[in-house]
Amino acid sequence: QVQLVESGGGLVQPGGSLRLSCAASGSIFSINAMGWYRQAPGKERKLVATITNGGSTNYADSVKGRFTISRDNAKSTVYLQMNSLEPEDTAVYYCNANVRASWVSAFSDYWGQGTQVTVSS
């Protein structure tokens with residue numbers, strides 16, 4: 001079994017910054033892509049940013065230039081540095097990882113429990 005544990009959410013004023021972390025643990029043979037998604041109340045879950053195990057990144061247009069995704073492969077951890085936060089960034093942020101549990105297993109997607117980010121004055 002694979003667990004993803006997120007941390008770093010909270011309440012911040014517009015223009016402020018937050019850093020989210022997500023650590024993967026459990027039965028892990030290898031991790032392919034990792035990423036962050038977010039879901040605002042009454043809306044669908046949407047991609048924020050992804051990063052491959054080689055370091056290639058992809059961002060939603062709405063966060064380009066403000067958010068930075070990174071990962072520490074040795075720690076099986078992915079980060080999301082969020083700067084210049086806007087009220088529209090308010091959402092529950094979910095970590096995702098594409099994990100292979102053993103050398104005979106296929107890759108499967110796993111999700112964290114979510115962490116609330118609220119941007120408000």
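For clarity, every value in this text was computed on a predicted model and none was experimentally measured. For reference, positions follow the sequence shown, starting with 1.
- The hydrophobic clustering, which links ILVMFWY residues whose side-chain heavy atoms are closer than 4.5 Å, places Ile69 and Val92 apart.
- None of Leu47, Val48, Thr68, Thr50 except one satisfies the side chain to side chain contact (heavy atoms under 4.5 Å, CB included) rule with Tyr59; the exception is Thr68.
- Scanning both residues, Ala24 and Ile31, for their nearest heavy atoms gives CB-CD1, 4.1 Å.
- Across all non-hydrogen atoms, the minimal contact from Ser84 to Arg66 is O-NH1, 3.0 Å.
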Cys95 and Trp111: CA distance, side-chain angles, deciding distance, side chain to side chain contact (heavy atoms under 4.5 Å, CB included) verdict: CA-CA 6 Å; Cys95 173; Trp111 293 89; over 6 Å; no
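- In the hydrophobic cluster analysis, where Ile, Leu, Val, Met, Phe, Trp and Tyr join through side-chain heavy atoms closer than 4.5 angstrom, Val117 is grouped together with Leu80.
- Summarising the geometry, atom NZ belonging to Lys46 is positioned 10.5 Å from atom CD belonging to Gln39; distances are rounded to the nearest 0.5 Å.
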Steps toward side chain to side chain contact (heavy atoms under 4.5 Å, CB included) verdict (Tyr94, Cys22): CA-CA 9 Å; Tyr94 295 92; Cys22 172; over 6 Å; no
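- Here the side chain of Ser27 pairs a donor or acceptor atom with the backbone of Ala101 at under 3.5 angstrom.
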Audit row: Tyr110, Gln1, side chain to side chain contact (heavy atoms under 4.5 Å, CB included) steps and yes/no: CA-CA 10 Å; Tyr110 294 87; Gln1 192 66 298; 4.1 Å; yes
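- To the nearest 0.5 angstrom, Asn53 atom CG is 6.5 Å from Asn73 atom CG.
- When atom types are taken as modelled, the side chain of Gln116 and the backbone of Gly9 share no donor-acceptor pair closer than 3.5 angstrom.
- Nearest heavy atoms, Arg38 versus Asp89: NH1-OD1, 2.9 Å.
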Check against side chain to side chain contact (heavy atoms under 4.5 Å, CB included), Glu6 and Leu20: CA-CA 7 Å; Glu6 299 135 336; Leu20 305 182; over 6 Å; no
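- Note on Tyr79: it does not cluster hydrophobically with Leu4, by side-chain heavy-atom contacts below 4.5 Å among ILVMFWY residues.
- Remark: the backbone N or O of Phe107 is not paired with any side-chain donor or acceptor of Arg100 at under 3.5 angstrom.
- Ile51 and Val78 make their closest contact through CG2-CG2, 4.0 Å (heavy atoms, listed as atom of the first residue, atom of the second, distance).
- Between Ala40 and Ala91, the shortest heavy-atom contact is N-CB, 3.9 Å.
- By the criterion of side-chain heavy atoms lying less than 4.5 angstrom apart, applied directly or through intervening Ile, Leu, Val, Met, Phe, Trp or Tyr residues, Phe67 is not grouped with Tyr37; the two fall into different hydrophobic clusters.
- Leu11 is listed as a side-chain neighbour of Ser120, based on a closest heavy-atom distance under 4.5 Å.
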